[in-house]
Amino acid sequence: MRRFSKQPERRSTRDHVLPGVGHPACNWREEVNSLLGMTDFELQQADVAKLNLTVGLGLPTMETGDIFVCLPVLDRWAELVKMNTEHWWPQFEHEPDEFNGSPARFRMLCLVTILQKHIGVQYNLGFNEGDYDARDPRNHFLHGILSGHGGTCVTMPLLYVAVGRRLGYPLHLVRAKEHVFVRWEGDGDRFNLDATSPGFTPRDDDYYLRWPKPLSTADLDSGCYLHNLSRREEVALFLNERGCCLRDLLRLREALEAFSLADRFAPNDACILGQWAVTEILWHAFEQQKHVATSEGRQFCRVDEVRMPRLNGTSLGQAEQEWASAHLERLKRLHRHTTVTWADAEPRCSPIA
């Protein structure tokens, strides 16, 4: 795996100012707002890797320079895949039946082989251990996998798609339950590929009805899963990842902003709305604890003091409240030694309808 000469600096997540106070404005907002004004055709021509890195700007370990460093790396990797595919092409012509007679499958086999075996791209096994922890942006955006940090079920399929599209391959990002995979659809062929699995093993859609988690009838009816994401939905996916990262960093106002923007790219996406609702509940939980601490003459509290707010009379259902409660308990475990402070004047999110 190629590593950059300067590794991203680790930043402490022990002390936080909630919500979002002390974090300067980043030009990612201006960039994302410009994306909102683009036509579908213009977005279709945009580089998915650049879109992903742009959405991640301003997060810890993410700097504007990462875009200018990462994109040439992807160009070189794509060129390496192209050269080796051309080198191995006579093997396909000589024994096409060994590859199901599919040029598309042979091309993806070459891409996977180069990225995994020659370059050394691999899954970050540590990301799956213990509680889900979204605090490290390297697990959500391409700069992580390109700097040798290892990939996840979001960044690895994105890498395959970013490299493949540079070669003109008709590749798409597709969501399963708590997972993202790659689909080739075009040039007379259609198959799925799980980027986090070693080697090249094509899958059909039925596989993702059960894996990594079963999809219920309600899940399928929501329209969130198993379809090719449009370019706008890809940007929404990246903004959703940004929101999850910021939420786990306890930057709740900024998380809500990211989920709000994601909703503008993919209106009424049930997955995004669910994350938004949970984060609003958490916002109210921390606001409630702020008032308790202030009444006791304190300008701080510990995360483990925060309790679920009363939500009687809101439009939120039991499922959202239970999900938020589970997230709060998880955040308490992640931030068991964290002290939260507030500034005197802070922006507030809109109240729950």
Side-chain angles (χ1 to χ4, degrees), residues 48 52 99-100 102 104-109 111-113 115-117 121-134 136 138-142 144-145 149-164 169-186 189-230 233-234 236-238 240-241 244-245 248 266 269-275 278 319 322-323 326-327 330:
V48 68
N52 174 262
F99 310 97
N100 296 93
S102 169
R105 295 183 184 226
F106 182 79
R107 292 184 188 280
M108 287 305 294
L109 171 61
L111 183 148
V112 170
T113 300
L115 292 181
Q116 290 188 4
K117 294 188 176 181
V121 171
Q122 59 185 345
Y123 186 72
N124 177 14
L125 292 173
F127 185 63
N128 252 355
E129 296 175 354
D131 279 324
Y132 175 74
D133 183 352
D136 191 338
R138 292 175 297 177
N139 291 318
H140 306 273
F141 295 91
L142 270 178
I145 196 169
H149 179 69
T152 65
C153 70
V154 172
T155 61
M156 289 193 75
L158 175 58
L159 173 65
Y160 285 22
V161 168
V163 171
Y169 298 171
L171 298 182
H172 306 271
L173 293 172
V174 186
R175 282 192 303 198
K177 191 69 170 283
E178 298 182 15
H179 192 63
V180 180
F181 61 94
V182 179
R183 176 176 291 151
W184 176 298
E185 185 162 11
D189 212 336
R190 183 184 190 274
F191 56 90
N192 303 318
L193 173 65
D194 198 76
T196 59
S197 300
F200 172 70
T201 305
R203 307 285 188 182
D204 58 21
D205 288 1
D206 287 346
Y207 176 79
Y208 292 102
L209 290 173
R210 306 180 302 275
W211 191 89
K213 292 188 176 181
L215 286 167
S216 66
T217 300
D219 290 330
L220 294 172
D221 289 345
S222 72
C224 294
Y225 303 106
L226 303 189
H227 72 274
N228 299 343
L229 296 185
S230 68
E233 288 172 324
E234 288 174 353
L237 172 66
F238 306 151
N240 191 69
E241 292 297 308
C244 290
C245 179
D248 277 16
D269 184 305
C271 295
I272 293 169
L273 293 175
Q275 298 285 8
V278 164
E322 290 176 357
W323 196 20
H327 271 287
R330 180 182 61 83

Evaluate the criterion side-chain contact (heavy atoms from CB on, under 4.5 Å) for residue pair Phe238 and Leu158; output intermediate values, then yes/no.
CA-CA 10 Å; Phe238 306 151; Leu158 175 58; 3.8 Å; yes

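- Summarising the geometry of Pro157 relative to Thr152, their closest heavy-atom pair is CD-O, 3.7 Å, with the distance given to 0.1 Å.
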Stepwise side-chain contact (heavy atoms from CB on, under 4.5 Å) test for Asp189 and Ser102:
CA-CA 8 Å; Asp189 212 336; Ser102 169; 2.4 Å; yes

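- Scanning all heavy atoms of the two residues, the minimum distance from Gln116 to Ser197 falls at NE2-O, 3.1 Å.
- Ring centers of Trp184 and His172: at least 6.0 Å apart, outside the cut-off.
- Taken to the nearest 0.5 Å, the OG1 atom of Thr113 stands 10.5 Å off from the CE atom of Met108.
- Closest approach of Arg175 and Cys271 over heavy atoms only: NH1-CB, 3.7 Å.
- The closest side-chain heavy-atom distance from Tyr169 to Val163 is not below 4.5 Å.
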Does Asn128 form a side-chain contact (heavy atoms from CB on, under 4.5 Å) with Tyr123? I'd like the steps, not just the answer.
CA-CA 10 Å; Asn128 252 355; Tyr123 186 72; 3.1 Å; yes

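- Here Asp205 pairs with Arg183, Arg190, Asn192 under the side chain to side chain donor-acceptor pair (under 3.5 Å) rule; sequence neighbours left out.
- Taken to the nearest 0.5 Å, the NE2 atom of His179 stands 13.0 Å off from the OH atom of Tyr225.
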Using side-chain contact (heavy atoms from CB on, under 4.5 Å), reason through Asp133 and Asn139 one step at a time and then give a plain yes or no.
CA-CA 9 Å; Asp133 183 352; Asn139 291 318; over 6 Å; no

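- Within the 4.5 Å cutoff, no side-chain heavy atoms of Ser216 are placed close to those of Leu220.
- Phe181 is not listed as a side-chain neighbour of Leu193, based on a closest heavy-atom distance of 4.5 Å or more.
- The CZ atom of Phe141 sits 7.0 Å away from the SG atom of Cys245 when rounded to the nearest 0.5 Å.
- A donor-acceptor pair under 3.5 Å is formed between the side chain of Asp204 and the backbone N or O of Tyr207.
- Between Val174 and His227 the shortest heavy-atom distance is CG1-O, 3.5 Å.
- In this structure, Asp131 CG and His327 NE2 are separated by 11.0 Å, a value rounded to the nearest 0.5 Å.
- Taking the six-membered ring for Trp and thresholds of 30 and 60 degrees, Phe106 and Phe99 have ring planes more than 60 degrees apart, a perpendicular arrangement.
- Among residues two or more places apart in sequence or in another chain, the salt bridge (charged side-chain N to carboxylate O under 4.0 Å, His left out) test is passed with Arg330 by Asp248.
- Atom CG of Leu237 sits about 11.0 Å away from atom OG of Ser230, to the nearest 0.5 Å.
- Heavy-atom minimum distance, Met156 versus Ala195: CE-O, 3.3 Å.
- A distance-only check finds no donor-acceptor pair linking the side chain of Thr155 to the backbone of Ile145 [under 3.5 Å].
- Shortest non-hydrogen contact noted between Ala270 and Ser222 is CB-CB, 4.1 Å.
- Side-chain atoms of Cys224 and Asp269, non-hydrogen and from C-beta on, do get closer than 4.5 Å to each other.
- Side-chain contact check for Lys177 versus Pro214: every heavy-atom pair is 4.5 Å or farther apart.
- Residue Asp206 holds its CG atom at 11.0 Å from CG of Leu215, rounded to the nearest 0.5 Å.
- A salt bridge is defined here as a Lys NZ or Arg NE, NH1 or NH2 lying under 4.0 Å from an Asp or Glu carboxylate O, and Arg203 with Asp194 fails to meet this definition.
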